[in-house]
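Please read the structure below before turning to the comments.
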Amino acid sequence: MNAGSNAPERYYNYAYLDEQTKRMIRRAILKALAIPGYQVPFGSREMPVPYGWGTGGIQLTAALIGPDDVYKCIDQGADDTTNAVSIRRFFAQVADVAVTEDTGEATIIQTRHRIPEKPLKAGQVLVFQVPQPEPLRGLEPRETETRAMHAYEEYGLQYVSLYESVATYGRIASTVGYPTMIDERYLMNPSPIPKFDNPKLDDNDAILLFGAGREKRIYAVPPNTRVRSLDFEDHPFETQTWDDACALCGAGDSYLDEVVLDDAGQRMFVCSDSHYCAERRAAGHAGPMAGHQLATPETEPAQ
Amino acid sequence: MAYVAVKGGEAAISNAHRWLAEDRRGDQAVPEIQVDQVREQLSLAVDRVMSEGSCYDRDLAALAVKQSRGDLPEAIFLMRAYRTTLPRFGASLPVETANMAVRRRISAAFKDIPGGQVLGPTFDYTHRLLDFTLAANGEAPAAALEAEEPQAYPMATVASVFDQENLLETDAPSAEASEPFDLTREPMSFPAGRDQRLQALARGDEGFLLSLAYSSQRGWGNTHPLCAEIRLGEVAVEFTPDELGFPIEIGDLTLTECHMISTGAAGLERPPQFARGYGVTFGHCERKAMSMAIVDRALRDAEEIETAAPVQDQEFVLYHSDNVEASGFVQHLKLPHYVDFQADLQLIRRLRREWFAREAALKEAAE
C-alpha cells in the first residue's frame, strides 16, 4: 500500500496522517454525524499547508480517502484555482488516488466556498474547508459563551442580528456563510458559501462534512437532513440572482463570477462552477461570448 | 489577461517555487551558507525555531532557517509540520532545572544569592554599536577568561532562598495531579488549566507575548513583576522505558528558565506569599522566557480576581498566541475570495440602487 511512485512523499504514511490520527478524526466524524450541526472538538494537527488554507478539509479527506476513491478539489467552484490545484496534487501524491474534475464521478469532493451545481448522489462525500466554524463568533467572541449558547439552544442573539440588518438596510444583508438551522436543533455556519448554495444543503443525498483545522472543530450534516436558512415571515430567505446568464455556456441557473475585462466597465459573467460550465458547453450550450479564451482549457507552457 | 493570474495551473505553481528556490540561493558568486554555519552562528534563530516549533533538534531547526531564508515564523511552521508526523514513544520525566549545569544565572531580587550572579553569554551591557570588524570577516574573538573557582553545582535556585521564611509559593507537584494536558493532541478547552496555559505560552509567538507582557507593565493588567531568577544551561532528560522500569538519561537540553515573582492576591485562607510567573524555552530565548513569565503571572491573577485587561484574558491570550495559526489565517486572505466578493458586490449595488431610489422619491415629495 505504501509502495508509490512518488518517492519523497513516502517518508510519510499513506494519505500523510498516521493511522492513530486518522482514527481520532474518524471518531470525531462519527460523532458529528450523530449530532448534526454540533461542532465536535478534535485534536487538529499541523499540516504541511498553512492553517486557513484548507487544513480542516485536508484532515477530513486524509482520514477518509482510500486507493479506490476518486478525488475532486475545488476552490471558488473551480478545479483550476491555485489552492485547489495544490491540494489535489497533494492527495494525488500522498494517497495515490485518482483525481477528477467531474462532479458526478468523484467519491470525495473537497471544496472551499461553493457547493457544486450538479446535485450530489448518495455515496458521495462533500468536504468543506471552514475558516470559522462558530456561526455566533461575529456576535460573541468568547468560545465559553458560544458553547453555552448552543447547549441551551439560545439563538436569540442571531435573530436580533438579522433583525438589525433588516432595520438598517431594509433586508437581511448577509451574503455568504448565511446562518442555517440543522434538524431544528443546532445553529450552523455553512462555511463561507454564498447563500445561493444554502438550499443545496437541505435534504442532500450526500454526506456533508465540515472541517476547521485552525479552530479544531468538525461538524456534519448527514444525508437527507433538514437544513433551514434563518429568516422572518415578512423577510423570507432569498438567494442571489443575476440579470445576466453565463457568457460562456448560457446557464441562467448557476452562481456567476464577474470577470473584469478592462478598466472601462466592461465585464462578463461566467459560471463559478468550472466543471458545470464545461459540461454544458460540451453538450452544445453556448452563451453570448462562447469561444472566449476563458472557455478554452488552460494550456500549460512546456516544462 | 488579469483573470489568468487568478486561475493558475500546476505549471505556474512549479515555476513560482523554482523562482523561490533561486531567490533563496541569492547570488551564486557568494558561497552557499551551510546548515552547520546556521546552527553555530545564527544559534539564537535556531533556538527560537526549536522553541516555538516545539521540537528540540538544532540541525533540523538550522535547516528550517536556511530553507525559509531566515523568515523565522516560516521556519517555525516547517518544524511544526515535521514534528506532527513523528511517532511518540512516551513522556520523559519532568526535567529538573535545579540540577541545571548553569552558564548564566542572574537574580534581580537580591544583590547576591547562593551561587552568585553569573552573567554568562549575554547581550546585556553590550553597547549596541555595529561591529564593522565582523563585516570585514575579522579575527577570531578572544576567548573569555575562565573563572578561578568552578561554579557551584547544583546552583541553588532562588526559591531555596525564600524557603526559610516560606515567603514564596512552592512549585512541588501536587499528589493528585493528573496527566498533563497535551496541547499537541487535544484541542484547547476552557477554563484552561495552568498546564495547558504554559504549553500554549511555551510555543507562543515571542513578539505577541512580548507585547502582551509590555502592555501589562504599562498598566493593562499590571502584575508588578520582579525578575527573581533567570537561568540558562543544560539539563538532563530522563526517560523510563517500559522494559527497564527505571529512568535512564537519554540526552541534554539547553533551556532558559525565568521566575517572575510578585505579591499574590491576599487571601483569608492562607498567609500572604509571593506568587510566581513561570517562563521556559528551549535554547537561549531570554526575551521570550521573561515575557512568558509575566503573561503566566497575569493569567494567574484571572483565577482569583475579576479582570479586564487582554493579558489576563485566557481566551484572548491563548487563542491568539500561536504564530503558525495566526500567520496562516491572516495570510489566507491571499487566496481567491471572488465568490464571496461577487456576493458583496451584488449586495452593495442593490443597496445603492435602493438608496438612490429613496433619495429621488424624497426629493420629489419635497418639491
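Only a predicted model underlies this, so the values are computations on that prediction, with no experimental measurement involved.
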- Task: Could you walk me through whether A/K216 and B/E325 pass salt bridge (charged side-chain N to carboxylate O under 4.0 Å, His left out), step by step?
- Result: CA-CA 11 Å; A/K216 301 165 180 59; B/E325 291 176 3; 2.6 Å; yes
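Summarising the geometry, atom CZ belonging to B/R349 is positioned 4.0 Å from atom CD belonging to A/E258; distances are rounded to the nearest 0.5 Å. Distance check, rounded to the nearest 0.5 Å: CZ of A/F196 to CD of B/Q346 gives 10.0 Å. Here the CZ-NE2 distance, from B/F341 to A/H113, works out to 14.5 Å after rounding to the nearest 0.5 Å. Atoms CG and OG1, from B/L347 and A/T175 in turn, are 6.0 Å apart once rounded to the nearest 0.5 Å. In this structure, CZ on A/R214 lies 10.0 Å from OH on B/Y319, to the nearest 0.5 angstrom. We find the CD-OG1 distance between B/E10 and A/T82 to be 11.5 Å, quoted to the nearest 0.5 Å.
Heavy atoms of B/S189 lying under 4.5 Å from chain A are absent altogether. With a 4.5 angstrom heavy-atom cutoff, A/T55 does not touch chain B via any of its atoms. Only the side chain of B/L351 comes within contact range of chain A, with at least one heavy atom under 4.5 Å from a heavy atom of that chain. Of the atoms belonging to B/L345, it is side-chain heavy atoms, and not backbone ones, that fall under 4.5 Å from chain A. Within the 4.5 angstrom heavy-atom criterion, no atom of B/F316 approaches chain A. With a 4.5 Å cut-off on non-hydrogen atoms, B/F77 touches chain A through its side chain but not through its backbone. Residue A/R88 does not touch chain B at all, counting heavy-atom pairs closer than 4.5 Å. B/Q314 does not touch chain A: none of its heavy atoms, backbone or side chain, sits under 4.5 Å away. Looking at A/R112, the atoms closer than 4.5 Å to chain B (heavy atoms on both sides) all sit in the side chain, from C-beta outward.
Other residues, nucleotides and ligands contribute only 12 or fewer heavy atoms inside 6.0 Å of the CD1 atom of B/I348. Other residues, nucleotides and ligands contribute more than 12 heavy atoms inside 6.0 Å of the CH2 atom of A/W242. The 12-atom threshold is exceeded at CZ of B/F181, counting heavy atoms of other residues, nucleotides or ligands nearer than 6.0 Å. More than 12 heavy-atom neighbours from other residues, nucleotides or ligands sit within 6.0 angstrom of CD on B/E359. Heavy atoms from other residues, nucleotides or ligands lying under 6.0 Å from CD of B/E32 number more than 12. Shown here is B/D242, whose CG atom has no more than 12 heavy atoms of other residues, nucleotides or ligands within 6.0 Å. Heavy atoms from other residues, nucleotides or ligands lying under 6.0 Å from CZ of B/F190 number more than 12.
Shown here for B/Q342 and A/Y255, the closest heavy-atom pair between the two residues is CB-OH, 3.8 Å. Of all heavy-atom pairs between B/V339 and A/R114, the closest is CG1-CD, 3.8 Å. Of all non-hydrogen atoms in B/P187 and A/R217, the two that sit nearest each other are CB-NH1, 4.3 Å. In plain terms, the two heavy atoms of B/Y338 and A/Q76 that are nearest each other are N-OE1, 3.0 Å. The nearest pair of heavy atoms linking B/Q331 to A/W53 is O-CZ2, 3.3 Å.
Between B/I13 and A/R89, the closest side-chain pair of non-hydrogen atoms falls below 4.5 Å.
Taking 4.5 Å as the heavy-atom cut-off, the residues of residues 39-46 of chain A that approach chain B are A/P41, A/F42, A/G43, A/R45, A/E46, ordered by number.
Ion pairing between B/R350 and A/E238 holds under the 4.0 Å rule for side-chain N and carboxylate O. Checked for salt-bridge contact, B/D313 and A/R142 meet the test: a charged N lies under 4.0 Å from a carboxylate O.
In terms of heavy-atom pairs under 4.5 angstrom with chain B, the leader among A/T21, A/V49, A/L17, A/D18 is A/V49.
Between the side chain of B/E315 and the backbone N or O of A/E143 there is at least one donor-acceptor pair closer than 3.5 Å.
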